[in-house]
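Sequence lines set the chain letters: A, B, ... in the order given, protein chains first and strands last, and positions in each chain run from 1. No hydrogens, no waters, no symmetry mates; every other heavy atom, side chains included, goes into these values. This is a predicted model, so every value here is computed, not measured.
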Amino acid sequence: MSPAQRRWMFGLGMAGLAAFYLWGMSGLPGFGNYPGPYGFVILHLAVKQTFATGIVSAINFEYRGFDTVGEEFILFAAAAGTGIVLRRLRGERDQSATDEAADREVPATSGAVRMVALLFTGPVMLVGWWLASHAQANPSGGFQGGVILATAFILVYLSGEFLVLKRVSPVALTEAVEAVGAGGFAAIGVAAVPMGLAFLTNYLPKGQLAGAVSSSGTIALISFFVGLEVGAAFILIIGELLEQTLLVRQGDRLCSTSRSWSWPGSSP
Amino acid sequence: MQYFPFVVVAWILAVGLYGVVTSRHLVHQIICLIVVQSSTYVLLLGVGYVTGAVAPYFFDIPAHTPAVDPVVQALALTDVVVEAAVTALLLSFAIQAHKRFGTLDPQELASLKG
């Protein structure tokens, strides 16, 4: 199909889409006039029922907890899928980028980048843990906290090099943390079943004060496990993508006398 | 003004789809797909908005303050996570496509058939 035909098809499709969109929108009540009872019912009941003041977390980890289990496993599957798609193909091997041009100096990471990255690593880690453990109180939770936790490890990569990232987050350990996070969420939900309750029922004591760190029972616990899972999954995904920069295909080799070496855990 | 956010949704969706259709680079095409998906965030948050209401967090305000619909906000959060995961998977497909075919132009890739 030529680009011109492609544009024609696109124009036709958009005309149809626009018609359906206008038809669909014509029945909506307009911006700022949300009519539905569902959200308002939850708003009135959530603080009393769950002792969580962050209603979005209460919905994610309790009212729609079943949905969130599925969503977490989408992330789990995507991390596994990235690992499988980017597996080492035949004829590929690991090699440092410097080997291809042995006579050229690799520019060192600038002092400013190193210092800023090192200064931020600790605080970023702290913020990540704080977010992952305060889902019941604030606009935070395991998903947000986990991504920020992963950022702390990427700062280590920025301040040093890829091999340092591999050392501070070994693949086997990161995968284990990811599995514990994903499995922990499911296990908390399944644990309700032998007690005669429905899957993901909030069976833990909910505390005295709404919004306190110790309040809201399983919501806080699930958020913590989600934080582990999301953080580990993102470290794995980014590690897989970064590792591609070190792969060299046999056919592409320019310099036959290059130093060849491998890091621990990689097969030749 | 009452329907302005939904016009923005349609605009983001159309721009993203146009990018996907006419793209000459897989990474560009993946970014266009992210733009398409961004329209769903605006739609979800726009549908649940209540004029004059606060965010659904009652840590330091009375529990019965009027707030916007929290359900669509939870859905938007779900949407963001899935988008990040899908983007990572698509980018790794792009890497493998480049390794195998030596090009990232979707129009050339379509003619290679293999």
Side chains of H28(B) and S23(B), donor plus acceptor under 3.5 Å: yes
As an exercise: rank [options] by heavy-atom pairs under 4.5 Å with chain A and give me the winner.
options: A88(B), S92(B), A84(B); answer: S92(B)
options: L75(B), L91(B), V81(B); answer: V81(B)
options: V71(B), V86(B), L90(B); answer: V71(B)
options: A67(B), A55(B), A14(B), A74(B); answer: A74(B)
options: T51(B), T22(B), D69(B); answer: D69(B)
options: I61(B), V80(B), V9(B); answer: V9(B)

What part of [X] is in contact with chain A, defined as an atom under 4.5 angstrom from a non-hydrogen atom: side chain, backbone, both or neither?
X: L17(B); answer: both
X: L13(B); answer: side chain
X: I95(B); answer: side chain
X: V68(B); answer: backbone

Checking heavy atoms, do the side chain of [X], its backbone, both or neither come under 4.5 Å from chain B?
X: P35(A); result: neither
X: V85(A); result: both
X: L17(A); result: side chain
X: M25(A); result: both

Are the aromatic ring centres of F73(A) and F185(A) under 6.0 angstrom apart? no
Taking the six-membered ring for Trp, are the ring centroids of F31(A) and F4(B) within less than 6.0 Å of each other? no
Ignoring hydrogens, what is the shortest heavy-atom contact between [X] and [Y]? Give both atom names and the distance.
X: G141(A); Y: A135(A); answer: CA-CB, 3.6 Å
X: A58(A); Y: T50(A); answer: CB-OG1, 4.1 Å
X: E178(A); Y: L75(A); answer: OE2-O, 4.5 Å

When the ring planes of F61(A) and F143(A) are compared, do they come out parallel, tilted or perpendicular, using 30° and 60° as the limits? parallel
Counting heavy-atom pairs under 4.5 Å to chain B, which of [options] comes out on top?
options: L43(A), V47(A), I42(A); answer: L43(A)
options: N60(A), T68(A), N33(A); answer: N60(A)
options: R7(A), E240(A), Q144(A), K48(A); answer: R7(A)
options: T53(A), V147(A), I237(A); answer: T53(A)
options: V230(A), I59(A), I74(A), D67(A); answer: I59(A)

Any side-chain heavy atom of Y63(A) sitting closer than 4.5 Å to one from Q49(A)? yes
Indicate yes or no: at least one non-hydrogen side-chain atom of Y57(B) is less than 4.5 angstrom from one of I55(A). no
Walk me through it: do F153(A) and F234(A) pass the test ring-ring contact (aromatic ring centres under 6.0 Å, His included)? CA-CA 10 Å; F153(A) 287 86; F234(A) 273 95; over 10 Å; no
Just wondering, more than 12 heavy atoms not from Y38(A) lying within 6.0 Å of its OH? yes
Donor-acceptor pair, H98(B) side chain versus A94(B) backbone, under 3.5 Å? no
